[in-house]
There are 2 protein chains.
Amino acid sequence: MGETEGFRGPQVCAIVGITYRQLDYWARTGLVRPSLAEARGSGTQRRYSYRDLVELKVIKQLLDGGLSLQAARKAVQCLRSDVGAPLSSAALVLAGNKSVVAHTGEEVIDLLRGRQGVLNVVAMGGIVDEVDGAIAELAKARARRDNTPTLAAQVSG
Amino acid sequence: MGETEGFRGPQVCAIVGITYRQLDYWARTGLVRPSLAEARGSGTQRRYSYRDLVELKVIKQLLDGGLSLQAARKAVQCLRSDVGAPLSSAALVLAGNKSVVAHTGEEVIDLLRGRQGVLNVVAMGGIVDEVDGAIAELAKARARRDNTPTLAAQVSG
DNA sequence: TACGTTCATCACCGGGGTGTAGTTACGTGT
DNA sequence: ACACGTAACTACACCCCGGTGATGAACGTA
């Protein structure tokens with residue numbers, strides 16, 4: 001049945017805004033693998049958890065922000081090691097090879113002061129929002145197709 | 001004679017901390033080209049200005065900070081367009097595809113607030129300092145070799 | 001004229017993908 | 001219960017970027 005336990009590859013791509021090949025590549029190279037179900041051969045399905053989605057979106061944002069995938073790998077590691085934090089209100093800060101999750105704005109500003117070199121800052125709140133939004137959008141679209149196929153016929157006709 | 005008008009390739013590498021091949025590649029691909037004298041065939045010399053050195057160092061820092069060369073290219077463009085600013089006290093801020101040179105700490109903090117996505121911040125002051133330091137170091141080393149070869153002989157003997 | 005710098009060129013490598021053509025498993029209709 | 005169509009994953013060949021190493025060619029200078 002259509003019991004959506006987690007998210008499948010193509011859905012994930014739509015939600016986080018990457019290509020399927022990218023998602024595939026990242027899974028193959030171990031950057032983010034589907035934590036609910038790994039693919040076990042052709043025809044099987046990867047199942048990504050919500051947390052996976054957030055990680056993926058973070059990576060996507062980092063790439064858009066000009067960071068290399070190398071850097072993104074480290075960032076993700078950091079994000080994982082910061083267990084059980086209230087993500088939405090935090091900021092991920094990368095300072096050279098050290099990365100930290102700052103939970104208050106003050107922390108970030110402290111890092112800025114006196115720091116030399118490059119600082120990369122990403123606000124988690126916005127990311128979580130975007131992911132949630134995309135999921136909602138997707139659910140709506142699916143509901144439209146599942147419940148009212150006649151409507152679709154009307155529209156197209 | 002050894003009249004050092006500007007800086008030659010190998011010196012530049014020593015000062016900014018990159019490999020010669022990198023410098024060469026960057027010059028060939030137009031990222032930073034020697035503004036005092038372009039190479040005109042094998043055996044000629046590239047001559048880099050002080051400003052070039054600073055640009056190169058910025059790029060180096062950005063790379064160390066995890067940014068892609070793509071992003072660094074844009075950053076440099078921005079840095080160039082911000083003419084005649086007192087570099088040492090400024091900060092270069094990259095926000096997605098827009099980049100700005102912020103001349104006060106307040107500006108940076110403003111950018112942080114309410115901004116979603118990734119923000120890359122690099123303090124120019126530290127960079128200028130590092131470049132100056134490296135140049136001084138180089139000059140000292142050269143003076144040692146030029147003025148007191150006997151001393152060098154003593155040390156090595 | 002011989003030599004040592006310095007630069008140019010070429011072939012090549014690894015990372016990060018992409019496009020296309022298979023190969024399955026799932027879900028479904030019968 | 002079974003065949004079938006299709007969605008999803010895999011494998012392979014290929015591309016571009018950012019370099020690197022080796023080699024060769026031009027200077028200036030002794």
Side-chain angles (χ1 to χ4, degrees), chain A residues 1-34 36-48 52 56 59-60 62-64 66-76 138 141-142 145-146 149, chain B residues 1-34 36-48 52 56 59-60 62-64 66-76 142 145-146 149:
Chain A
M1 293 291 276
E3 189 54 47
T4 319
E5 195 75 40
F7 306 85
R8 290 171 295 167
Q11 294 179 327
V12 172
C13 294
I15 293 169
V16 310
I18 59 179
T19 70
Y20 180 80
R21 310 304 289 101
Q22 254 175 315
L23 183 69
D24 182 32
Y25 179 72
W26 294 356
R28 275 186 293 129
T29 55
L31 177 51
V32 177
R33 39 190 62 193
L36 296 185
E38 194 86 44
R40 318 169 310 280
S42 275
T44 64
Q45 299 167 344
R46 298 192 177 100
R47 291 293 191 170
Y48 288 87
D52 293 340
L56 288 165
I59 296 170
K60 162 72 168 158
L62 290 175
L63 292 186
D64 287 353
L67 282 138
S68 68
L69 199 64
Q70 287 276 77
R73 284 182 201 278
K74 287 186 188 171
V76 164
L138 192 85
R142 178 160 26 184
R145 275 205 329 237
D146 285 0
Chain B
M1 293 291 279
E3 189 53 48
T4 320
E5 196 75 39
F7 306 84
R8 287 171 299 167
Q11 295 179 326
V12 172
C13 294
I15 293 169
V16 311
I18 59 178
T19 69
Y20 179 80
R21 310 306 289 99
Q22 255 175 314
L23 183 68
D24 182 32
Y25 178 71
W26 294 356
R28 274 186 294 130
T29 54
L31 176 51
V32 177
R33 39 189 62 192
L36 296 187
E38 194 85 46
R40 319 168 310 280
S42 275
T44 64
Q45 298 169 348
R46 298 190 178 101
R47 291 294 190 168
Y48 289 88
D52 293 340
L56 288 165
I59 296 170
K60 162 71 168 159
L62 290 175
L63 292 186
D64 287 353
L67 282 140
S68 69
L69 200 63
Q70 287 273 81
R73 283 182 203 278
K74 285 187 190 169
V76 164
R142 179 161 24 189
R145 276 201 332 228
D146 286 358

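Letters A, B, ... are given to chains in the order of the sequence lines, protein chains preceding strands, and every chain is numbered from 1. Keep in mind that this is a model prediction, so the values were computed, not measured.
Rounded to whole Å, atom P of dG14(C) lies 18 Å from atom CG of Leu69(A). Between Gln70(A) atom CD and dC17(D) atom C1' the separation is 14 Å, expressed in whole Å. dG18(D) atom C1' lies 17 Å from atom CG of Leu67(A), rounded to whole Å. Atom pair Gln11(A):CD and dC9(D):C1' shows a separation of 15 Å (rounding to whole Å applied). One atom, CG of Leu63(B), and another, C1' of dG18(D), lie 10 Å apart when rounded to the nearest Å. Distance Lys60(A) NZ to dG16(C) C1': 14 Å, rounded to the nearest Å. Atom CH2 of Trp26(B) and atom C1' of dG18(D) are 10 Å apart (whole Å). One interatomic measurement links the two molecules: CD of Gln22(A) to C1' of dG19(C), which rounds to 14 Å at whole-angstrom precision.
A salt bridge between Arg33(B) and Asp52(B) is absent, with no side-chain N of the basic residue lying under 4.0 Å from a carboxylate O of the acidic one.
Side chains of Val16(A) and Leu23(A) form no contact here, defined as non-hydrogen atoms less than 4.5 Å apart. Side-chain contact between Asp24(A) and Arg46(A) is present, with at least one heavy-atom pair separated by less than 4.5 Å.
Across all non-hydrogen atoms, the minimal contact from Ile18(B) to Lys60(B) is CG2-CD, 3.8 Å. Nearest heavy-atom pair, Leu62(B) versus Ala75(B), reported as atom, atom and distance to 0.1 Å: CD1-CB, 3.7 Å. Residue Ile59(A) comes nearest to Ala72(A) through the heavy atom pair CG2-CB, 4.1 Å, listed as atom of the first residue, atom of the second, then distance. The two atoms that bring Ala27(A) and Tyr48(A) nearest to each other are CB-OH, 3.9 Å, heavy atoms only.
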For nucleotides 6-13 of chain C, 5' to 3', base contacts (B), sugar-phosphate-only contacts (S) and non-contacts (-) with protein non-hydrogen atoms under 4.0 Å give BBSBB---

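Without hydrogens or angle criteria, Ser68(A) side chain to Leu67(B) main chain gives no donor-acceptor distance under 3.5 Å.
The phosphate of dG18(D) (OP1 or OP2) has a side-chain N or O of Tyr25(B) nearer than 4.0 angstrom.
A distance of 7.5 Å separates CG of Leu56(B) from CG of Leu31(B), quoted to the nearest 0.5 Å.
Backbone-only engagement by Thr19(B) is indicated by non-hydrogen atom pairs under 4.0 Å involving sugar-phosphate atoms exclusively.
In secondary-structure terms, DNA chain C builds stems of at least 3 consecutive Watson-Crick or G-U pairs, each pair having both distances under 3.5 Å, at C:1-30 with D:1-30.
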